[in-house]
Amino acid sequence: MIEKILVAVAGRGLCEEMFNMLMDIPSLQRASVTVLHVVSPQVTAEGMATQLEEGGKILASAVQAMNVDPAKVNPRLKQGDPKITVCEVAEEEKADLIIMGSRQLGRLQAILENSVTQYVFQLTSRPMLLVKDDVYVKKIRRIMVAFDNSEPAKQSLKLALSFLKEISGGQLILVHVTKDLTGKTSEDLTANAEKDPTLAPAIAEAQKMGVSYRCITATGKPGETICRIADDLSVDLLMLGSPDRRPNIAKNFLDLDRLLGTSLSDYVRVYANCPVLLTRTSV
């Protein structure tokens, strides 16, 4: 259940739009909201004062743009390194969901440019909803879950169903991709896809909650296939699990698999043409 939402704003309006779409879901309307804007340290006191003043305006504009009673919003203007501060505030607030915007950067470019989103994605243990600059935010009706019966995938399914049970006309799209890196691809969008044993537990949960669903099975490169299916079906929100595979001793170090681009969640985060919600589960 999502009871506390952290919205990290940067003045582009993306996160506010995404938040407003989520507010169509009745259960989320009861969540408390922290709106955060982080100002990077400046060399001079005058420069810092100017940045804080501008940051205050960005924060006030964001709160005004959000469809929520301002009295229920906790605005926070912080000074510091944005990527570290977002993680710290998420922990302080015990956020159940972080909403962040993401610039249109490739994986390597994001690493080299010290991307805030890349860093937070690596190190937070909190679910993240990411919205890229070039993504059109729509009302949430079609939610796609990349499902492989793993614990992170089950977390995504649980969250998706909690949303969809309250969305009139909503549909769950269950996708199971069998990895094939040879370049061969295939997709089954017919009723036969429901016979995929991997999807059986997800189908049972959807039926139990009375949520409309459809199933797709495919083979190919998982990241590319998931993004392509999301495009073809004009998905409004894509959800998948993103397990934290690092041992406890390495929690403060970046995951090399993700840095090198072999992580499925990293690929989808960068290349999906819709908002992406990544659930986090330690394994």
Side-chain angles (χ1 to χ4, degrees), residues 2-24 28-106 109-138 252 254 269-270 275-278:
I2 294 177
E3 297 180 341
K4 297 180 179 180
I5 300 174
L6 172 63
V7 185
V9 299
R12 300 195 295 274
L14 295 170
C15 297
E16 296 91 307
E17 288 182 36
M18 190 71 246
F19 176 85
N20 288 339
M21 294 305 176
L22 288 175
M23 287 302 99
D24 284 345
L28 293 184
Q29 295 170 8
R30 298 189 290 271
S32 63
V33 184
T34 296
V35 183
L36 171 69
H37 179 68
V38 184
V39 176
S40 298
Q42 303 296 307
V43 175
T44 66
E46 183 179 356
M48 193 68 249
T50 299
Q51 287 298 308
L52 287 172
E53 181 180 0
E54 182 62 27
K57 292 177 181 178
I58 289 173
L59 197 57
S61 177
V63 172
Q64 186 175 19
M66 296 166 65
N67 294 336
V68 64
D69 183 351
K72 297 181 179 180
V73 178
N74 174 27
R76 297 190 64 176
L77 180 64
K78 298 278 288 183
Q79 177 184 345
D81 186 333
K83 61 182 183 294
I84 295 174
T85 303
V86 171
C87 291
E88 290 177 344
V89 172
E91 293 301 315
E92 289 172 13
E93 300 287 345
K94 296 180 173 57
D96 300 308
L97 178 66
I98 302 170
I99 302 177
M100 289 188 69
S102 178
R103 290 180 297 156
Q104 181 65 8
L105 299 176
Q109 185 183 3
I111 295 165
L112 296 175
E113 294 192 15
N114 204 18
S115 162
V116 174
T117 304
Q118 173 75 22
Y119 188 96
V120 175
F121 166 73
Q122 290 284 334
L123 294 185
T124 186
S125 61
R126 311 285 173 173
M128 293 183 67
L129 202 172
L130 304 174
V131 191
K132 292 192 301 183
D133 284 348
D134 61 340
V135 162
Y136 177 66
V137 178
K138 301 178 290 183
N252 291 324
L254 297 182
R269 175 186 68 84
V270 172
V276 176
L277 198 159
L278 299 161

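For the numbers below, each heavy atom of this structure counts, side chains included, while hydrogens, waters and symmetry mates do not.
- Looking at T117, its side chain does come within 3.5 Å of a backbone N or O of G101 through a donor-acceptor pair.
- Between L14 and D133, the closest side-chain pair of non-hydrogen atoms falls below 4.5 Å.
- Here E91 pairs with R126 in a salt bridge; the nearest charged N to carboxylate O distance falls below 4.0 Å.
- Formation of a donor-acceptor pair under 3.5 Å by the N20 side chain with backbone atoms of A65 is found in this model.
- From L28, atom CG reaches atom CE of M23 across 5.0 Å, with rounding to the nearest 0.5 Å.
- A 4.5 Å side-chain heavy-atom check between I5 and S32 finds every atom pair outside the cut-off.
- Side-chain N or O atoms of T124 include none that pairs as donor or acceptor with a backbone N or O of V120 at under 3.5 Å.
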For this session: Could you walk me through whether R76 and E92 pass the salt bridge (charged side-chain N to carboxylate O under 4.0 Å, His left out) test, one step at a time?
Result: CA-CA 12 Å; R76 297 190 64 176; E92 289 172 13; 3.1 Å; yes
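- Although no hydrogens or angles enter the test, the distance criterion places a donor-acceptor pair under 3.5 Å between the side chain of H37 and the main chain of V9.
- For the pair P275 and V135, the tightest heavy-atom approach, listed with the atom from each and the gap, is CD-CG1, 3.6 Å.
- The CD atom of E17 lies 12.0 Å from the CD1 atom of I99; values are rounded to the nearest 0.5 Å.
- Looking at heavy atoms from C-beta onward, P127 lies out of side-chain contact with D96 at the 4.5 angstrom threshold.
- Here the closest heavy-atom approach between residue A62 and residue V35 is recorded as CB-CG1, 4.2 Å.
- With rounding to the nearest 0.5 angstrom, the CG atom of L77 is 11.5 Å from the CD atom of E53.
- Atom NZ of residue K94 and atom OG1 of residue T34 lie 12.0 Å apart, to the nearest 0.5 angstrom.
- The side-chain contact (heavy atoms from CB on, under 4.5 Å) test with F19 is passed by exactly one of V7, N67, L129: V7.
- Residues A8 and C15 share a closest heavy-atom pair of O-SG, 3.3 Å.
- Between atom CG of residue L277 and atom CE of residue M18 there is a gap of 8.5 Å, rounded to the nearest 0.5 Å.
- When atom types are taken as modelled, the side chain of T50 and the backbone of E46 share a donor-acceptor pair closer than 3.5 angstrom.
- Two residues are said to be in side-chain contact when any heavy atoms from C-beta on lie closer than 4.5 Å; I84 and L123 fail this criterion.
- Q79 places no side-chain N or O within donor-acceptor distance of the main-chain N or O of V39, the cut-off being under 3.5 Å.
- For L36 against T85, the heavy-atom pair with the smallest separation is CD2-O, 4.5 Å.
- Contact check for V33 versus M66: side-chain heavy atoms found under the 4.5 Å cut-off.
- The two atoms that bring V38 and D81 nearest to each other are CG1-C, 4.3 Å, heavy atoms only.
- Interatomic distance, Q42 CD to T44 OG1, rounded to the nearest 0.5 Å: 7.0 Å.
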